[in-house]
Amino acid sequence: MARRASTKAPGRRARATGKGGAAHAANGALNGSAAPRRKAGAPAIAWEYAPSPERTKVEIRPRYGHYINGRFTDARDVFPTINPATEETLSEVAQGSEADVDAAVRAAREALPAWAGLPPIERAKYLFRIARRIQDRARELAIVETMDGGKPIKESRDVDVPLAAAHFFYYAGWADKLPYAFPGRPSPRPVGVCGQVIPWNFPLLMAAWKLAPALACGNTCVLKPAETTPLTALKLAEIFNEVGLPPGVVNIVTGDGRTGAALVRHPGVDKVAFTGSTEVGKKIAAAVAGTKKRLTLELGGKSPNIIFEDASLDQAIEGIVQGIYFNQGHVCCAGSRLLVQESIAEAVIRKLTLRLKSLRVGDPLDKNTDVGAINSREQLGRIERYLALGREEGAELHEVNTSRLPEKGFWRRPCFFTGVQTSHTIAREEIFGPVLSVMTFRTPAEAILRANNTPYGLAAGVWTDKGSKVYEVARRLKAGVVWLNTYNRFDPASPFGGFKESGFGREGGVQGLRPYVEV
């Protein structure tokens, strides 16, 4: 019997507090009529957001097994997956063993000839159906993603789920056009069985990034979701059955790092794709070295967000917030290093302080929430250790947000450091939380030098109103993705990936097809 996980009510409301006509002003504003002008000396109206939680009920099974050869197995050895906002157990999920991984790889190998031999336009139809079912179940998937991972519902609803569907739509279009993707090589062939390990920060979206191009090219897959956020991947397995995807084409094995290691080492895997930390990526690269397995890695980052004095500051402030506090900072390409031209540093800090005060931290299922729960107790501890280290090394911590936090759950208000030096640990290592390091520069050359002074090379942002400066700076930045006067914008037609310790290979766009074909 499935467990019904209850959430709360839709709708967005605002209420006014204060004296001397505040309620009348609120009613007038909401009804479109002119509000009475406040008399000199009268108290200001303080607007607050009324709670607006999501109320739709979603079904979460009390226990999930692995998804192998088109069906869910019986779960024996299990572990809990919890809601980081409430610390309540959502479900129990199977811990994958080497035998489970072997069964999944064998199922994928058996399904490979029929799937690879299917006319490309028929493969495209399956991907198209998957995309449509993701859209049909979008609200359910967004709620489950938020409950299992802690991110605000408005991000799951407006970013993660739509982009996941868009990736399946996009690669459905490429399935019967592969010869045009690789001119002069008219017969691209699938690589074979793909082992894909995904992280906990964008579970559904990362599954789509990995699965869609692999399936379009005729490969079969074994997917290993993160142990803290397995539920949307398992919901995706339900969608595969609903659209009639042939058994064994996609298999999902849940578990911790031991399960992922078993998948990477399995001799029946032809291609490994990993998104996660640089530390684990190095171990995977070492394990794959000396084999014939293909490998793509999308790893960590310490991305610079550069603000020049001629930038639109109000626009740039929103870009800073979007760059580092989106998804609680749990983003590999987060703009965690803010480089501000010295002449505007005070203005930027002042505006950033005001903006951080307005961010709402709390219940991720509330549609007004800007910053949700940290994914796990372990990750919260890691963030707190970096905050302590930043203070010890001499940086000044600014904690200006005063949102009231729930009693249970894992929470960290957004904050930033000033007085940060390039040698500080918080300026060099990935924190993966809502923590920003602010530094200054005087000239474009110094900005570029500081931006590139990192072992990572995943992303960067540039803010200026001078077109020539935009292109010159972007050309000299050593980053796989450079956003110009925006940040954290993604599209399935645009490739994504990094340099140096941020990994190699690209996902998205026509470039995302190349790792999954033999040409």
Side-chain angles (χ1 to χ4, degrees), residues 5 7 54 56 58-61 64 66-67 81 83-85 90-91 93 126-172 196-215 221-243 245 250-254 273-276 298 326-328 330-333 364-365 372-373 375-376 488 490-492 496 507-508 512:
T7 59
E54 177 63 66
T56 304
V58 296
E59 289 189 357
I60 299 176
R61 301 182 189 181
Y64 283 93
H66 307 297
Y67 178 73
T81 180
N83 184 337
L90 296 171
S91 181
V93 180
Y126 281 109
L127 269 67
F128 187 84
R129 291 172 195 152
I130 292 168
R132 289 301 304 269
R133 283 303 291 159
I134 289 174
Q135 289 182 324
D136 291 342
R137 299 179 62 173
R139 192 166 192 172
E140 172 195 4
L141 291 170
I143 293 170
V144 173
E145 191 81 319
T146 288
M147 294 176 70
D148 204 24
K151 66 177 61 186
I153 185 66
K154 64 182 181 182
E155 293 179 6
S156 299
R157 178 196 65 202
D158 299 341
V159 180
D160 294 44
V161 176
L163 275 177
H167 273 79
F168 278 104
F169 275 128
Y170 177 77
Y171 284 108
Q196 302 173 316
V197 183
I198 59 176
W200 46 258
N201 54 339
F202 293 94
L204 181 64
L205 181 56
M206 291 297 103
W209 277 28
K210 297 287 188 292
L211 292 172
L215 297 179
C221 303
V222 179
L223 182 76
K224 207 294 282 186
E227 63 267 32
T228 60
T229 54
L231 293 184
T232 44
L234 296 169
K235 287 287 183 182
L236 194 58
E238 297 175 2
I239 289 176
F240 296 151
N241 284 346
E242 290 171 358
V243 303
L245 190 70
V250 175
N251 306 272
I252 300 174
V253 182
T254 54
F274 172 75
T275 296
E298 195 264 280
F326 174 70
N327 196 26
Q328 297 79 251
H330 300 334
V331 185
C332 53
C333 56
L365 284 169
N375 180 263
S376 65
N488 272 343
F490 301 95
D491 188 276
F496 182 87
E507 293 179 310

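Without hydrogens or angle criteria, Lys151 side chain to Asn201 main chain gives a donor-acceptor distance under 3.5 Å. One N or O on the side chain of Ser91 and one on the backbone of Arg61 form a donor-acceptor pair closer than 3.5 Å. Checking side-chain atoms of Glu145 against main-chain N and O of Leu204 turns up a donor-acceptor pair under 3.5 Å.
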Does the side chain to side chain contact (heavy atoms under 4.5 Å, CB included) test come out yes or no for Lys224 and Phe274, once each step is laid out? CA-CA 10 Å; Lys224 207 294 282 186; Phe274 172 75; over 6 Å; no

Determine whether Phe128 and Phe168 satisfy the following criterion, ring-ring contact (aromatic ring centres under 6.0 Å, His included), listing intermediate values before the conclusion. CA-CA 6 Å; Phe128 187 84; Phe168 278 104; over 10 Å; no

Evaluate Glu140 against Thr56 for side chain to side chain contact (heavy atoms under 4.5 Å, CB included), listing each step before the verdict. CA-CA 8 Å; Glu140 172 195 4; Thr56 304; over 6 Å; no

Passes side chain to side chain contact (heavy atoms under 4.5 Å, CB included), Phe496 versus Cys333? Steps please. CA-CA 10 Å; Phe496 182 87; Cys333 56; 4.0 Å; yes

Assess the residue pair Arg132 and Phe169 against the criterion (side chain to side chain contact (heavy atoms under 4.5 Å, CB included)); give the C-alpha distance rounded to whole Å, side-chain angles, the decisive distance to 0.1 Å, and a yes or no. CA-CA 8 Å; Arg132 289 301 304 269; Phe169 275 128; 3.4 Å; yes

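Residues Val144 and Thr232 come closest through the heavy atom pair CG1-CG2, 3.9 Å. For the residue pair Ala164 and Leu205, the shortest heavy atom distance occurs at N-CD1, 3.7 Å. Nearest approach of Leu223 to Ala207, heavy atoms of both residues: CD2-CB, 4.0 Å. Between Pro152 and Gly372, the shortest heavy-atom contact is CG-N, 3.7 Å. The two residues Pro213 and Ala208 make their nearest non-hydrogen contact at CD-O, 3.9 Å.
When side chains are defined from C-beta on, Arg157 does not count as touching Pro162, because their heavy atoms never get closer than 4.5 Å. Contact of the Thr254 side chain with the Tyr64 side chain is not registered, since no non-hydrogen atoms from C-beta on lie closer than 4.5 Å. Side-chain atoms of Met147 and Leu365, non-hydrogen and from C-beta on, do get closer than 4.5 Å to each other. Inter-residue side-chain proximity for Ile153 and Pro364 is flagged as unmet; no heavy-atom pair is nearer than 4.5 Å.
A side-chain donor from one of Thr146 and Ser156 sits under 3.5 Å from a side-chain acceptor of the other. For Thr229 and Asn375, the side-chain atoms include no donor-acceptor pair closer than 3.5 Å.
Ring planes of Phe240 and Tyr67: tilted class, angle from 30 to 60°. Using cut-offs of 30° and 60° on the angle between ring planes, the pair Trp209 and His167 is tilted.
By the side-chain contact (heavy atoms from CB on, under 4.5 Å) test, Tyr126 is found to be paired with Trp115, Leu118, Arg129, Leu245, Pro246, residues two or more places apart in sequence or in another chain being considered. For Asp491, there are no salt bridge (charged side-chain N to carboxylate O under 4.0 Å, His left out) partners two or more places apart in sequence or in a different chain.
Here Thr275 contributes atom OG1 and Ile198 contributes atom CD1; the two are 8.5 Å apart, rounded to the nearest 0.5 Å. Between Met206 atom CE and Glu298 atom CD the span is 6.5 Å, to the nearest 0.5 Å. One distance of note links CZ of Phe202 with SG of Cys332; it measures 7.5 Å at 0.5 Å rounding. A distance of 4.5 Å separates CG of Leu231 from OG1 of Thr81, quoted to the nearest 0.5 Å. We find the CG-CD1 distance between Leu234 and Ile239 to be 11.5 Å, quoted to the nearest 0.5 Å. The distance from atom CG of Leu236 to atom CD1 of Ile252, rounded to the nearest 0.5 Å, is 6.0 Å.
Applying the salt bridge (Lys or Arg N to Asp or Glu O under 4.0 Å) test to residues at least two apart or on different chains, the pairs with a partner in residues 205-214 are Lys210-Glu507.
Shown are Pro203, Pro84, Pro230; of these, the side chain to side chain contact (heavy atoms under 4.5 Å, CB included) with Asp148 is made only by Pro230.
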